[in-house]
Amino acid sequence: MLLIKNLHAQIEGKPILKGIDLEVRPGEIHAIMGPNGSGKSTLAAVLAGNEQYEVTDGEVWFEGKNLLEMPPEIRAREGLFMAFQYPVEIPGVSNINFLKTAITEIRAYRGLPPLSAKEFMQRLKEKQELVEFNASLVNRSLNEGFSGGEKKRNEILQLAMLEPKLAILDETDSGLDIDAIRIVANGVNKLRSQHNAFIIITHYQRLLQYIIPDYVHVQYDGRIIKSGTKELAYELEERGYDWIKESVQASLE
Amino acid sequence: MNKSIFNSFYHYLIDTYQQLQAQGQLTPFSWPAALLTHKQHAFEKFNEQGFPSTKQEDWKYTNLAAPLQQIYQFPVVSPAYPDLKAEVQRLTIPHLQAYRIVLLNGRFEPSLSDQLPESMGWHTDADALHHYYAEEYFASLADVTQVPLVWLNTAFVPGFHLLHIRETVDRPIHVMHLYATQQPAFIPERLLLVAEEGVQVQITESFHQLTDAPTFINYVAEQFLKEKVAMDVYLINQLHAQAAFFHHSEIYLHSQSTFHHLNCCFPEAHFIRNNINARLQGSQSEANLWGIYLGNQQQLIDNHTIVDHQMPSCNSNEWYKGLLQEKSTGVFNGKIFVEKGAQQTNAFQKNNTILLSQEATIHAKPQLEIFADDVKCSHGSTVGQMQEDALFYLRTRGLSERTAKQLLLEAFAFDIVSKAQNQAMEDHIMQLIRDHLDLSAAILPQSASPAHVRKT
Amino acid sequence: MPTTDQDILQQYADQDYAFGFETRVEMDILPPGLNEDTVRFISAKKEEPEWLLQWRLKGLEQFRRLSKDMPEWQNFKLPHIDFQAISYYAAPKKRKLKSLDEVDPEILATFEKLGIPLEEQKMLAGVAVDAVMDSVSVATTFQEKLKEKGIIFCSMGEAVKHYPDLVKKYLGTVVPYSDNVFAALNAAVFSDGSFCYIPKGVRCPMELSTYFRINASNTGQFERTLIIADEGAYVSYLEGCTAPKRDENQLHAAVVELIALDHAEIKYSTVQNWFPGDKNGNGGVFNFVTKRGICKGPHSKISWTQVETGSAITWKYPSVILQGDYSVGEFYSVAMTRNHQIADTGTKMIHLGKHTRSRIISKGISAGYSQNSYRGQVRVGARADHARNFTQCDSLLIGDKCGAHTFPYIDCQNPTAILEHEATTSKIAEDQIFYLNQRGLDNEKAVALIVNGYAREVLNNLPMEFAVEAQKLLAISLDGSVG
């Protein structure tokens, strides 16, 4: 589904990603962990098409298509979704209007007619229940005045509504209490299937107690330095990141 | 002194006035002596002062010399009459269900207007001139502001319309200002509005040009709100590129009155200058001035507002937003005065502008003049562009760049449009914004191409 | 103990001007009057080269032209000034030369009274001082030490003699003689002032300071300051001023020009405490000053900080032309007016280069019958991509007979600019005073604390010794005006 080869990216001339390789197949959940500053969020931003980052080398293939040549909205329409670490507040843009516009455009791209108002509201209601996000969205601006937890849950609701093939969760657990993490995780678990995939970017292992990953990767200094199964996450939780950093440095020397 | 413009149009006006006066044709309806005095005085002042030049602070960024380069004839020599009925139908605001009052070149057109209810009086020509409010109020508000273009209006206007709101009106009122001439024309127009104690009324005034002849419109409105009046006024400017539009509204609010004013300027009049002055003359009154302006081509849109707190315990809110495209220029000047003794005043003002083209320009001057200490006053002003991260966020959800821009720009405008107290007006204004936004040209802080791949 | 705010304010009101004494020294004074001869006299007295005389004469010509039509845009009526009734040159008769010992002890005593330590042994604080009495620089300290680093810090008169090339290259390039009527007057008759040049890559090791004092009666003070920071240089410059109490008004029309080349930084701080007039509004200095800096090179920075408490009328807009890409302009101001004082002050930030940034923090405090106006302009030219400005201007009113005014001009011709302007007007809330009373502070202390808090963002930008002085000055100026 997603194939990343030797991906290099920089911001304002400063290299952040220094050769990422990763393959994600349908039905899989990959966790990317790593200490602060290792470039995890940059990877998410580059995949989503944030223009502040410049890709200097490497390739990314999504469903057989060259992802890096697509503007962000085409990536979204092709089925790539990113849950933002800091969802943007957009005053004046209503949640409902926004969601409806997004679904209509994505459906149009796939040759589908727009949902009727009734179908849309029906689907919204279902998905709100699914992700346990009952806040009234009518008459509220996109993310404006939402608490940190509400914003994150709104991201998961959008994920549910847009039904992407690949979802990247960028530190979705940060700033959430344990109940909110459980709710977010439940949502993801209900949404996972044989046809879609998730990349979960996180600093802590907490979220991975609720969403069991198939693979765990450790990213450090712009590279994936270790990959394993869920046990690796537990090991990291117990031993921290230092031992991995040391082993990397040792291998370099 | 070069603080004034004495150009050929000025000389034409002075000559015309004197000729018409000599021929006894200056006042087609018999003006009461007291009102004639105002007229004569106004002429003398205009004669002496001419048009203001950019050397005058209030005209610093607005050069009248450009729109007044040519001779606009007075009185209108060759009115054009397209199919007015169809035009009125076309310009009727959907779902507003208003009482329509239609003016053509400043003259009332009864056959095109709706039957008006008892709760309101509409007086024109001699009827207005001899109304008991005429002597009491005419020229008592606007002319004291010493604005030369108001003097010009008082001197030349053949008569005025008096809108008398006696009781709460059951439906909105829509005053449709239509202009149709074959020759360049100078059209002075005047409204006197009196709202009696306790009434509620919504008034929409829209401005439309039906022909392509250059037109210089000079519209002065004096509005009195007695105690406990609730009045909403919507101004919708949809004039053509050939129009130069000057408008001055002077609004007096007495105790416990509430006034909402929503000023909407759209393409494509090449020159628009609005003076909107709200004077809070009674305590516990409230003035709200909202404005949205959307410019294109080489439009100059200049909004000058004054909120004048003369009495204690009044509130005012002002918020103007501008979207400037192509080579358009916006001018915003908002003055808040809090006069001595106007304690417990709350006065807030905001203005935000987005420049959507490399060649657009904004001049903003939010201004506070405070002479009382127990007040809460603030103003905020920003100039910027669409938020880049918001745009990115929307695009990651599958919205095209164009749709995302549209959503953001409409959201920007929505803060103002949503101030409409009437759904039909809100929808109408939003539609006009949509119609005039050129999304393909709207530029972004940085180029919006996908992350460029550089192979090494 | 006063019980209401009104009382407290009242109580503050009649504080005397602490610097109103006069120094009795023999003076060389030119009789009042302004014509070509006046200009030639001054130029000759200062043994100036011909080009400078010619430049002054052009200034005089401009002044004659501009003074026919005095400015009207300011928020007060310009009082009639009889330019022919002013003496344009006054100097202490004994000229200082080699060392401080030769300075008239009366003058030294004056500066000591003002708290300006001229004697080098007192200069441990590390401030080099150029003291200007009326029109003439009387003493510059620490010159030798600065010279070691290649720094030139001397009076303008000396600079013209010893560094004519530098003066010729930069004089009038930021504030031309045609700039405005008072700048033209200054060009014609400026008699002294400070000159400062920091060579490439040098960080000036101490604060440089000029102290201005108007002493003689019926004189104007027309100093001219020129500061050049060459590539990568840094300098922090302080300016203070006082004048004796007199019933008639005195004119101060100074010009300050700052030039920052590539990566250079100039920090210019002013504590202005000219005699403000008595409580009925008689006398006081007319302070009509043109201050402007240019960030000529990329990544250069100019920062103005001012605390304005004196003068009957202040008319002053220290500005920055942001020409170099990535250059930065700052303006921090506290203007306090009371009695019948008028202040019309603010700044202009002219963005020409790309990625230029400016920041304006203005705090006005009006009391008594005074009128305090902020007037500022932020202009972004068509080529100034990604320019940014943040402006905050706040007004505090003390009493209900004063006025606070804000006149910001925002002119933007570039769609990538981000400009933000905020302004508020407020008074000292009774509950704030009460809260502090309850914590044991009396009303005066409470008000002083609140005002200092209000002005802190600006005071923080002053060098330490100056900040302390400025705080005291605010407290003193507040005396008798809290309400």
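This one's a predicted model, so the numbers in the text were calculated from it and none came from an experiment. Here is the naming used below: chain letters follow the sequence lines, and residue numbers restart at 1 for every chain.
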Interatomic distance, B:Ile370 atom CD1 to C:Lys427 atom NZ [nearest 0.5 angstrom]: 14.0 Å
Heavy-atom neighbours of C:Gln74 CD exceed 12 at 6.0 Å: yes
Winner by heavy-atom pair count (cut-off under 4.5 Å) against chain C, out of B:Ala360, B:Gly330, B:Ser378: B:Ser378
B:Leu356 side chain reached by C:Pro415 side chain, heavy atoms, under 4.5 Å: no
Partner of C:Tyr409 by side chain to side chain donor-acceptor pair (under 3.5 Å), out of B:His363, B:Lys365, B:Lys60: B:Lys365
Validation row: C:His421, B:His379 side chains within 4.5 angstrom (heavy atoms): yes
salt_bridge(B:Lys3, C:Glu72) N-O dist < 4.0 Å: yes
C:Glu422 CD to B:Lys350 NZ distance, which is reported to the nearest 0.5 Å: 10.5 Å
Residue part contacting chain C, namely of B:Glu369, when any heavy atom lies under 4.5 Å: both
Within 6.0 Å of CZ in B:Arg273, more than 12 heavy atoms from elsewhere: yes
Whether B:Gln385 side chain and C:Ala417 backbone form a donor-acceptor pair below 3.5 Å: yes
Heavy-atom contacts under 4.5 Å, residues 336-347 of chain B to chain C: B:Lys340, B:Gln343
Approximate separation, where rounding is to 0.5 Å, of C:Cys393 SG and B:Leu368 CG: 7.5 Å
Neighbour count above 12 (heavy atom, 6.0 Å) for C:Tyr317 OH: yes
Point-to-point distance, once rounded to the nearest 0.5 Å, from CD of C:Glu420 to CG of B:Asn352: 10.0 Å
Working for side-chain contact (heavy atoms from CB on, under 4.5 Å), residues B:Asp374 and C:Asp400: CA-CA 8 Å; B:Asp374 189 6; C:Asp400 58 1; over 6 Å; no
Option that, when pairs with chain C are counted at under 4.5 Å, heavy atom only, ranks first among B:Asn351, B:Leu324, B:Val331, B:Thr382: B:Thr382
Residue C:Asn389 versus chain B: region with a heavy atom under 4.5 Å: neither
Top contributor to chain B interface from C:Gly403, C:Pro408, C:Ser426 [non-hydrogen pairs under 4.5 Å]: C:Pro408
Largest heavy-atom contact set with chain B, pairs under 4.5 Å, which of C:Asn75, C:Thr424, C:Asn414, C:Asp411: C:Asp411
Residue pair C:Ile410, B:Ile362: steps toward the side-chain contact (heavy atoms from CB on, under 4.5 Å) verdict: CA-CA 8 Å; C:Ile410 301 156; B:Ile362 176 71; 5.7 Å; no
Spatial distance of atom SG (C:Cys402) from atom CG (B:Asp373) [nearest 0.5 Å]: 6.5 Å
Neighbour count above 12 (heavy atom, 6.0 Å) for C:Tyr369 OH: no
Over 12 non-hydrogen atoms of neighbours within 6.0 angstrom of NZ in B:Lys335: yes
Gap separating the CG atom of C:Asp69 from the NZ atom of B:Lys55, nearest 0.5 angstrom: 9.0 Å
Side chain / backbone / both / neither for C:Gln371 at chain B, heavy atoms under 4.5 Å: side chain
Residue B:Arg434 excluded, over 12 heavy atoms near CZ under 6.0 Å: yes
B:Lys327 atom NZ, over 12 foreign heavy atoms within 6.0 Å: no
